[in-house]
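Positions are given from 1 along the sequence.
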Amino acid sequence: MTRRLSACLAALFLCLCTGDLRAQEFASLVADSISIDPSGRLTASGNVEILVQGTRLTAASVTYQSDGDQLTLSGPIHVTDEDGTVFLADHADLDRRLRDGVLVSARMVLERHFQIAADRIARTSNRYTRLDRVVASSCEVCAANPVPLWEIRSSSVVHDDVEHQLYFTNARLRFSGVPILYVPRLRLPDPSLDRADGFLIPQLKATSDLGTGVKLPYFLAFGKHRDITVTPYLSSSTTTVEFRYRQELERGHIEATGAVSNDDIAGARNYLLGNASHLLPRGFLFEAQAEFASDPGYLFTYDYADRDRLTNQLSVTRVRNKDVFRSEVTEYRTLRDAEIENRDTLPARFLDIYYERELPKLSFGGRTFASISSSSLIRPSSESTDEGVGRDVNRFGASVDWSRTRTFSSGLVAKAELGLRGDAYTVAQDRRLESNLARLASRTAFELRFPMGRRHSDGRREFLEPILRIDASDTNGDVVPNEDSRVVEIDEANLFAPTRFPGVDRRDDGFRVAVGGAWSRESPGQWDIDLSLGRVFNVSGGQGSDGPADESEWLVSGRLGLGRDLSVYSRSLVDGGLDITLSETRLDWSASRHTLSSSYFHAMPDAAKGQDNRLSEWSFEGAYDVSDGWTARADWRYDFAADRVARTELGFDYLTECVHLALSLSRRSANSTSVDSTTEIGFHVSLLGIGSRDEGRAGRRICRG
């Protein structure tokens, strides 16, 4: 009660003594004891706490003279500004607003992370803070680690609280106490600033093709919503300027990366990869993608992108509850050696327009959808051949699909489907086909599902769902060219779908039966498993729209999970002779000190699916925490079909609360004759805590002792 009364009296006294202040600058003071002598001097001691307009101060004692404008404080002193900046000192002389003054033997802490220790700190104009004889670092210092991993020693530092900048004079950068760099004038953003103009951390890079070089990025912001990063890359074999541009729009964004090079390999080279999006009126979304490379080997040699085809695209889409609209114009360019010689016969431009709408008035107890679509595929070649390798194709089509689902009291789910589709084609530069073609396809389907589940007393849950689907379809009219259904693969998504083909040019005919099911079991805290099995049987042995309709392989897939640490997924296709035609398996394992991901893929040649060569590849990626802060990582990929290592990478990372060191060694094998396999060594150093508010807290050295 005495402490509270003293606080009230002190607050009243401060208010009377600062009558020229605005009401919002009212000060409150709490202390163990408060006294006022006849001259009007107020002395507070013992757990003193002062609060002035969002600024909080604690001290051992405070003295204030009523006819002056200064508080004299003795420490330990702790001042916290309303923006979160913390000041620690042994002695201080501050004004009554706690904004201007001098702190002796003090420290300033920005964003609770970056510390600046100084002999003297002077605050002026509620904006600038000057620190003399400074040691600055974001590293933790304790008895076990008395020397910070890195530090900046300077004769003085000025902190601009408005621009959020730190200006160092005679700055000396030290690592583990060893001086490595001297800069007469140094400007750094404080940790509260997300975007600031200036140089970023340089990166050393050495490759077998380009030699040893350095990248020195410079960041430049244009307001709050645009920025560009320009990175000169200089080595013994190349002079390169890289850039990245970003802009956030009110209803979209723009982002582009690129580079211009002059090297000993091919002379002048350049590339551009960009994308943009903008939300148009009435819910339409505009998207654009631009990709360009001056030569096939540029992206691989500089490790800019792992692409062998470039795509330029403009699209406008809209998705609503009742309808879907999509229109796009796409241009393709290949970087593959085997395709460059035949570039004129490859699809170069593609135009597609699609619209689908639900028709509630024609639902007949179910759901009815109608769609119209148009597409054009153009090849550069203008020659008309018997093989049709340079043909151009235009298609216009319309379809109506109806479906109805009913769930019986027993749990049985039945679904009926009807569909009708018509397409008209115009074909140029293919002597085998007429110029005008037409086709009409109808289909009907009936599907039964019987989901069953049970729960055991120990918490285990099981789920079983047998599935039977019967499809009957008939196609009448001309044989049309197949442009969009050349690659066909059975998976969980299309096993029980109306068609297994990804496009509309090829369709199944005849009577087909798909059988299969899914089973899963969950054991809380132990393990869970999912299994799927199915196959499509061609009962009638009918013809497809462009040839015999073959049966699918058996699809076998499963997933095994052991708690949250280990997960194994596998999917295989097995033909009638029990030969595995396709198999892919992935394993993910994580624990307290390591992560591991490994996958294996194998596919046999299949001309019907557009796959001429055997594919077989094993990949491995993992990381292991060797000790506090140290992490070893590896990335390895082996191509069994080519009998070579496609990629190998080894790396070490050291991460603490104040520094991130990364060293990597990689080897990439080229699958093109236009480029050579390359070996690369990279070294990167980041001083965390400077302009990196969150990243600097990712790791932490442990102080012991």
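- A donor-acceptor pair under 3.5 Å links the side-chain atoms of T581 to the main chain of L573, judged by distance alone.
- The CZ atom of F501 lies 9.5 Å from the CZ atom of R507; values are rounded to the nearest 0.5 Å.
- The closest side-chain heavy-atom distance from V393 to Y425 is below 4.5 Å.
- Tested against N275 for a side-chain hydrogen bond (donor to acceptor under 3.5 Å, both in side chains), the candidates H253, E287, Q313 yield a single pass: H253.
- Between R571 and D491, the shortest heavy-atom contact is NH1-CB, 3.5 Å.
- With rounding to the nearest 0.5 Å, the separation of CZ in F446 from CG in L468 is 8.5 Å.
- Nearest approach of S363 to W402, heavy atoms of both residues: O-NE1, 2.6 Å.
- With rounding to the nearest 0.5 angstrom, the CZ atom of F601 is 14.0 Å from the CZ atom of R586.
- The ring pair (Phe, Tyr, Trp, His ring centres under 6.0 Å) check on H278 picks up nothing, with sequence neighbours excluded.
- Here OG1 of T426 is found 9.0 Å from CG of D392. Values are rounded to the nearest 0.5 Å.
- A donor-acceptor pair under 3.5 Å is formed between the side chain of T345 and the backbone N or O of N342.
- At distances below 3.5 Å, not a single donor-acceptor pair connects side-chain atoms of E328 with backbone N or O atoms of L351.
- Between the side chain of D639 and the main chain of A642, a donor-acceptor pair closer than 3.5 Å is present.
- E339 and T334 share a side-chain donor-acceptor pair at under 3.5 Å.
- For the pair R500 and N494, the tightest heavy-atom approach, listed with the atom from each and the gap, is O-ND2, 3.5 Å.
- Within a 6.0 Å sphere centred on CZ of R326, other residues, nucleotides and ligands contribute more than 12 heavy atoms.
- Checked against side-chain hydrogen bond (donor to acceptor under 3.5 Å, both in side chains), R343 has no partners two or more places apart in sequence or in another chain.
- The minimum heavy-atom distance between N394 and S376, with the atom names listed, is OD1-OG, 2.8 Å.
- One distance of note links CZ of F325 with CZ of R318; it measures 8.5 Å at 0.5 Å rounding.
- Under the ring pair (Phe, Tyr, Trp, His ring centres under 6.0 Å) criterion, Y638 pairs with W636, F640, not counting sequence neighbours.
- No hydrogens or angles considered: nothing links the side chains of D565 and S590 as a donor-acceptor pair under 3.5 Å.
- For CH2 of W589, the number of neighbouring non-hydrogen atoms (other residues, nucleotides, ligands) closer than 6.0 Å is 12 at most.
- Here the closest non-hydrogen pair linking L433 and R391 is CD1-NH1, 4.5 Å.
- Between the D484 side chain and the V504 main chain, a donor and an acceptor come within less than 3.5 Å of each other.
- Annotation: cation-pi pair R668/F300 present, NZ/CZ under 6.0 Å from the ring centroid and within 45° of its normal.
- Residue R404 places its CZ atom among 12 or fewer non-hydrogen atoms of other residues, nucleotides or ligands, all under 6.0 Å distant.
- Side-chain contact between L314 and F286 is present, with heavy atoms from C-beta onward closer than 4.5 Å.
- Looking only at distances, a side-chain donor or acceptor of D509 sits under 3.5 Å from a matching main-chain atom of T475.
- The distance from atom CD1 of I529 to atom CG of L531, rounded to the nearest 0.5 Å, is 4.5 Å.
- Checked by atom type, the side-chain pair E621/S598 shows no donor-acceptor distance below 3.5 Å.
- Heavy-atom neighbours of E255 CD from other residues, nucleotides or ligands within 6.0 Å: above the threshold of 12.
- At least one donor-acceptor pair closer than 3.5 Å links the side chain of S294 to the backbone N or O of N270.
- In this pair, Y271 and Y304 present their aromatic rings parallel. The plane angle is below 30°, not in the 30 to 60° band.
- Using modelled atom types, no side-chain atom of S403 and backbone atom of A416 make a donor-acceptor pair closer than 3.5 Å.
- Counted within 6.0 Å of CG on D306, heavy atoms from surrounding residues, nucleotides or ligands total 12 or fewer; the atom is thus considered open.
- In this structure the side chain of S399 never reaches within 4.5 angstrom of the side chain of E356, judged on heavy atoms.
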| said: Run the side chain to side chain donor-acceptor pair (under 3.5 Å) test on E492 and S557 for me, step by step, so that the C-alpha distance in whole Å, both residues' side-chain angles and the decisive distance to 0.1 Å come before the verdict. | reply: CA-CA 8 Å; E492 294 88 339; S557 66; 3.0 Å; yes
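- With a 4.5 Å cut-off on side-chain heavy atoms, W618 and S599 do not count as touching.
- A donor-acceptor contact shorter than 3.5 Å links the side chain of R439 to the backbone of D505.
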| Test side chain to side chain donor-acceptor pair (under 3.5 Å) applied to Y355 and D323, step by step | CA-CA 7 Å; Y355 179 73; D323 63 351; 3.1 Å; yes
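- Between G510 and R512, the closest heavy-atom pair is O-NH1, 3.6 Å.
- Using modelled atom types, no side-chain atom of D635 and backbone atom of E649 make a donor-acceptor pair closer than 3.5 Å.
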